[in-house]
Amino acid sequence: MRPLVFAGNWKMNVGPVEAREYLRAFFAAGEIPHERSVWFFPPTVSIEAVAQGIAGHRNVQAGAQDIYWEAKGAFTGATSGALAKQAGARLTLIGHSERRHVFGETDEQTGKKVTAALAADLQPVLCVGETLEQREAGDTLAVVTRQLAAALGGRDGKTRVTIAYEPVWAIGTGRNATPKDAAEVHQAIRGWLKKQAVTAAPYVILYGGSVNLKNAAELLAEHELDGVLVGGASLDPRAWAQLVRTPAA
Ligand code: 13P
């Protein structure tokens with residue numbers, strides 16, 4: 001079986017008390033299948049509870065949903081990479097579509113956050129993806145490569161970064177990309193990473209956008225997908241335990 005990543009982005013849901021209950025229910029289903037990794041991205045206030053709740057479980061990591069690029073100081077409300085790390089994060093999402101579209105994060109800022117994550121020894125999970133308007137205009141690959149270049153351009157080939165392709169039109173809409181649509185973009189991303197040599201192989205590329213128990217098997221049958229980044233369908237611990245056990249070819 002090829003290795004697969006199942007990443008759950010809880011967004012602004014699941015506080016620390018709920019996170020402890022969630023993990024008890026999740027692990028009641030047993031250990032994570034061999035060759036699979038499960039990454040949880042809880043809200044910042046729940047990172048420590050998740051880190052404690054997953055301790056001792058194989059192939060399970062906690063991550064932050066976002067970090068600020070400054071290392072410390074007078075930045076009310078922000079969380080640095082070092083603070084997230086101290087709470088138990090090993091990874092961080094960067095440039096999630098909601099950060100870009102709800103909070104106005106720019107391509108340039110995602111680059112600063114990737115630098116900050118690497119400095120804090122957090123593995124960045126860089127999110128890229130086009131809006132519906134951009135897809136319909138035929139700009140998908142141009143947008144995605146612009147986002148990659150802004151965040152990763154000029155780094156050396158030893159940098160470890162995971163990419164999550166999340167088309168904006170597929171997030172929380174119930175409308176997922178077809179396996180073929182996703183594979184086409186993943187292939188372009190992989191080609192760009194190889195050519196630019198700004199990150200280390202193996203290139204891990206996740207798909208996100210309305211992944212659920214019904215469509216996960218079909219998506220994961222596509223070998224361009226190294227895993228999934230899931231919002232809504234990661235919020236129920238029993239359904240998530242089932243999703244991470246999706247049979248994949
Ligand atoms: P949904 O799975 O709810 O569409 O969210 C996807 C996402 O944004 C994960 O980061």
Side-chain angles (χ1 to χ4, degrees), residues 1-7 9 32 34-41 47 51 54 58-72 79-97 99-100 105-129 141-166 182-183 185-208 223-229:
M1 273 215 307
R2 69 191 209 277
L4 289 172
V5 173
F6 293 79
N9 174 10
I32 308 305
H34 194 60
E35 296 282 342
R36 297 199 169 187
S37 303
V38 174
W39 298 347
F40 288 109
F41 293 94
I47 293 174
I54 63 175
R58 192 169 43 87
N59 296 347
V60 188
Q61 305 271 19
Q65 295 176 6
D66 180 44
I67 56 164
Y68 190 53
W69 56 80
E70 293 288 350
K72 56 160 52 183
T79 304
S80 67
L83 292 180
K85 177 110 196 258
Q86 195 179 126
R90 294 293 170 266
L91 312 135
T92 181
L93 298 179
I94 290 176
H96 187 277
S97 127
R99 298 302 316 171
R100 294 177 192 262
E105 191 165 304
T106 64
D107 286 347
E108 191 212 344
Q109 290 171 342
T110 64
K112 286 159 86 167
K113 289 183 177 187
V114 169
T115 302
L118 294 168
D121 196 24
L122 291 178
Q123 196 197 135
V125 179
L126 175 70
C127 305
V128 296
L141 299 184
V143 169
V144 166
T145 48
R146 187 200 75 217
Q147 291 169 335
L148 290 171
L152 302 177
R155 296 184 196 277
D156 76 38
K158 294 194 195 83
T159 314
R160 291 221 157 269
V161 178
T162 298
I163 309 294
Y165 169 55
E166 296 206 309
V185 181
H186 281 224
Q187 212 167 24
I189 293 172
R190 211 177 295 281
W192 188 91
L193 293 172
K194 260 189 206 157
K195 186 155 165 246
Q196 302 295 321
V198 287
T199 61
Y203 307 114
V204 178
I205 308 174
L206 315 180
Y207 166 76
H223 281 217
E224 275 292 338
L225 275 63
D226 300 308
V228 284
L229 176 56

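The shown structure was predicted, so the numbers you read here are calculated from the model rather than taken from an experiment. Heavy-atom basis, side chains included; hydrogens, waters and symmetry copies ignored.
One finds the NE2 atom of H34 at 7.0 Å from the CZ atom of R58 (value rounded to the nearest 0.5 Å). Taking CG from L93 and CZ from F41, the interatomic distance works out to 4.0 Å, rounded to the nearest 0.5 Å. In this structure, CD in E224 is found 9.5 Å from CD1 in I189, a value given to the nearest 0.5 Å. With rounding to the nearest 0.5 angstrom, the CD1 atom of I32 is 10.0 Å from the CD1 atom of I54. Put simply, CG on L148 and CH2 on W192 are 5.0 Å apart, with the number rounded to the nearest 0.5 Å. Taken to the nearest 0.5 Å, the CG atom of L206 stands 9.5 Å off from the CG atom of L4.
Formation of a donor-acceptor pair under 3.5 Å by the R99 side chain with backbone atoms of T110 is not found in this model. Side-chain atoms of Q147 come within 3.5 Å of backbone N or O of G129 as a donor-acceptor pair. Judged purely by atom type and a 3.5 angstrom limit, R190 uses its side chain to pair as donor or acceptor with the backbone of Y203. At distances below 3.5 Å, not a single donor-acceptor pair connects side-chain atoms of R2 with backbone N or O atoms of D226.
H186 and Y207 have tilted rings, their planes meeting at an angle from 30° to 60° on a 0 to 90° scale.
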Step-by-step side chain to side chain contact (heavy atoms under 4.5 Å, CB included) determination, R160 to V204:
CA-CA 9 Å; R160 291 221 157 269; V204 178; over 6 Å; no
V125 and W39: side chain to side chain contact (heavy atoms under 4.5 Å, CB included), yes or no, with the steps?
CA-CA 11 Å; V125 179; W39 298 347; 3.9 Å; yes
Mind running side chain to side chain contact (heavy atoms under 4.5 Å, CB included) on F40 and V60 for me, showing each step along the way?
CA-CA 8 Å; F40 288 109; V60 188; 3.7 Å; yes
List the steps and the verdict of side chain to side chain contact (heavy atoms under 4.5 Å, CB included) for V198 and T159.
CA-CA 7 Å; V198 287; T159 314; over 6 Å; no
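In the displayed structure, E35 atom CD is contacted under 6.0 Å by more than 12 heavy atoms of other residues, nucleotides or ligands.
Judged as a side chain to side chain contact (heavy atoms under 4.5 Å, CB included), and not counting sequence neighbours, the contacts of L141 are V185, A188.
What you find for A117 and T92 is that their closest heavy atoms are CB-CG2, 3.7 Å. When all heavy atoms of I67 and A84 are compared, the pair lying nearest together is CG2-CB, 4.3 Å. Nearest approach of V114 to P124, heavy atoms of both residues: CG1-CG, 4.2 Å. Minimum heavy-atom separation, G88 to A62: O-CB, 4.0 Å. Shown here for A183 and L225, the closest heavy-atom pair between the two residues is N-CD1, 4.4 Å. Considering every non-hydrogen atom in both A120 and A82, the closest pair reads CB-N, 3.7 Å.
Side-chain atoms of E166 and H96 include a donor-acceptor pair closer than 3.5 Å. In this model, a donor atom of one side chain and an acceptor atom of the other lie less than 3.5 Å apart for Q123 and T162.
Among T199, L152, L229, the single residue meeting the side-chain contact (heavy atoms from CB on, under 4.5 Å) criterion with I163 is L152.
The salt bridge (charged side-chain N to carboxylate O under 4.0 Å, His left out) analysis of residues 107-117, with sequence neighbours excluded, yields the pairs D66-K113, R100-D107, E105-K113, D107-R146.
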